[in-house]
There are 2 protein chains.
Amino acid sequence: MSLLTQSIVQNHLLERLPVSEQNELLQHCEKVKLTFGEELCLPDQPYQYLYFPLDGFVSLVTKVAGHTPLEIGLIGNEGMLGVTLVLDIDTVPIQAVVQGNGMAWRIEAKALQQVLKNCPQLRRCLQQYLFVLLQQLALNAGCAHFHLLEQRLARWLLMSQDRAHSEQLQLTHQFLAQMLGVRRSGVTVAASVMQRQQLISYTRGEIKILNRAALLTQSCQCYQLSLNSYNAALGDLKPTPAEEVAPAP
Amino acid sequence: MSLLTQSIVQNHLLERLPVSEQNELLQHCEKVKLTFGEELCLPDQPYQYLYFPLDGFVSLVTKVAGHTPLEIGLIGNEGMLGVTLVLDIDTVPIQAVVQGNGMAWRIEAKALQQVLKNCPQLRRCLQQYLFVLLQQLALNAGCAHFHLLEQRLARWLLMSQDRAHSEQLQLTHQFLAQMLGVRRSGVTVAASVMQRQQLISYTRGEIKILNRAALLTQSCQCYQLSLNSYNAALGDLKPTPAEEVAPAP
DNA sequence: CGCTGTCTGTGCGCTACGGCACCTAAAGTC
DNA sequence: GACTTTAGGTGCCGTAGCGCACAGACAGCG
């Protein structure tokens, strides 16, 4: 029996591994709590730990001088923070910040490099996930450039909900603004529209998703496209079955 | 003597290889002409050919429904189109379009996969380049989101000049607009400002760079940052020596 | 209890850029 | 030489989002 069954929420990448590799890997892992705002990976530094999120999740952000950080990727239990280690390069390419409190498996970079030698399936899996990440970076770049704040906010809430495994999110408008690369008050306006439409509700840093289906139609297609690209590369694990594409008008 | 010496402009990735690997690789390559607008890689299709540009160059673009394609990466003789093949995945993650006429080495995907088995240095090199590409995707996403059209245009001209190895570029405003994700007439305005300042001159699809130093100060720092990240990962080959950072005001 | 810090609501003027339309000029075509 | 096509120039209005500023509201703390 796998050590994984200790946790209710599992990491999808680990789930895909044969039990032998799971155990080999988890031997070197410890369960840690990710806390909001923590900077897990500093760019251009060597990796120290890598993370397989469970119900915590992490943003990849790019910092442009003179601007708030912009989110370009989101990593939850469908993925892993630090995949680029499969390239046998131990430098962090992109900064990562914890975005949702929760648990994750953590492993030392050096340990993972060792484990990779004996675990071909793990290597394969990380290669595939890196591929997906590339596609998502491209997708997000386009989304951030063209789509309206309200659509992007909707998408972002959906993606966070998927990764938090809860309809309750701890997020201030300030933080959302930073992730989306816009003003705080811009988010307030967009969010209050959504609140009036009963899509969400919030008070002081607690956002609750009330009507997920409606949020889906408000969000840009990038939400669905992002899921599709993941599923195409890493097979369907159907996290939220039968949520069909709702093309925007 | 390496086959490479047939060409004046060389591909920097290939230059880094030991001669034995160079020859092993070039055995399977043919020199082809890249022509403007050609779509070399279609996303979600299997790779057919991969390219090591010489004086031709290629854009990675992301297509968002209802918008013109947005450029998120630029590949010239400092890099390679199709690096993701080192992940042992033969699907194209990001669409590529030829952006500057010129020559490139072309190799069949299957041939490269074979060659990779005997060429550890090549594999290493592609891994490093993929790492750089990741960083550049992140950088470009931020740049496209925050920076002004004129700065981005300046940067873009500089990067194209580096890759074309010529101060003469064949580009219409229309095309520039698409790459930068803006209106055509927006580019016309930005370009005519630059022309008035004697930074560039152009007539009907022929842009000439007159004052590179001044363009550097007009462009966002992303130009320099992009060079830095390449040099950090793939060592200095000093394409344009002694061009120091000119921090914007 | 009041103080203080954090979160949210709202407004105002500004700007970069979008959409659109139209016009000129050079280049290609017959 | 006349016609069409394509590249570039210009203008007008609309608008998303910015910078900034200020006010209310709730939370925690002494």
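By convention in this document, chain letters (A, B, ...) are assigned in the order of the sequence lines, proteins followed by strands, and residues within each chain are numbered from 1. It should be emphasised that the depicted structure is a prediction, and the values quoted were computed from it without experimental measurement.
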Checklist entry - Any donor-acceptor pair under 3.5 Å between the side chain of B/R183 and the base of C/dG18? => result yes
Checklist outcome for this item: Result for 5'-nearest mapping on DNA chain D, choosing between B/L171 and A/H67, is B/L171
Starting at atom [atom1] of [X], determine the distance to atom [atom2] of [N], rounded to an integer number of angstrom.
| X | N | atom1 | atom2 | value |
| --- | --- | --- | --- | --- |
| B/H173 | C/dG18 | NE2 | C1' | 18 Å |
| B/R184 | D/dT10 | CZ | C1' | 10 Å |
| A/E150 | D/dT15 | CD | C1' | 15 Å |
| B/K208 | D/dG8 | NZ | C1' | 20 Å |
| A/Q170 | C/dC7 | CD | P | 13 Å |
| A/F175 | C/dT6 | CZ | P | 17 Å |
| B/L70 | C/dG18 | CG | P | 11 Å |
| A/R196 | C/dG9 | CZ | P | 9 Å |

With a 4.0 Å cut-off on heavy atoms, is [X] in touch with a base, just the backbone sugar-phosphate, or nothing at all?
| X | answer |
| --- | --- |
| A/S185 | base |
| A/T188 | base |
| A/G205 | sugar-phosphate |

Checklist entry - Are B/Q195 and B/S201 close enough that a side-chain donor and a side-chain acceptor fall under 3.5 Å? => result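 Judged by distance alone, the side chains do not pair up.
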Checklist entry - Taking atom types as modelled and ignoring hydrogens, do the side chains of B/Q151 and B/S219 form a donor-acceptor contact shorter than 3.5 angstrom? => result no
Checklist entry - Should the heavy atoms of other residues, nucleotides or ligands under 6.0 Å from NZ of A/K33 be counted, would the total exceed 12? => result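 Yes - once you tally the heavy atoms of other residues, nucleotides and ligands closer than 6.0 Å, there are more than 12.
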Next on the checklist: Under 4.0 Å from OP1 or OP2 of D/dC26: is there any side-chain N or O of A/R204 that close?
Outcome noted: no
Checklist entry - Quick one: is C/dA26 close enough that its OP1 or OP2 comes under 4.0 Å of any side-chain N or O from B/Y202? => result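 Negative; the distance criterion is not met.
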Checklist entry - Does B/R163 use its side chain to pair, donor to acceptor, with the backbone of B/G56 at less than 3.5 Å? => result no
Checklist outcome for this item: Of A/I207 and A/H145, the one whose nearest nucleotide on DNA chain C sits closer to the 5' end is A/I207
Checklist entry - With under 30° as parallel and over 60° as perpendicular, where do the rings of B/H67 and A/H147 fit, or are they tilted in between? => result perpendicular
Item to check | Nearest to side-chain heavy atoms of A/V182, which nucleotide of D/dG17, D/dG8, C/dG18 | outcome: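 The listed nucleotide nearest to A/V182's side chain is D/dG17.
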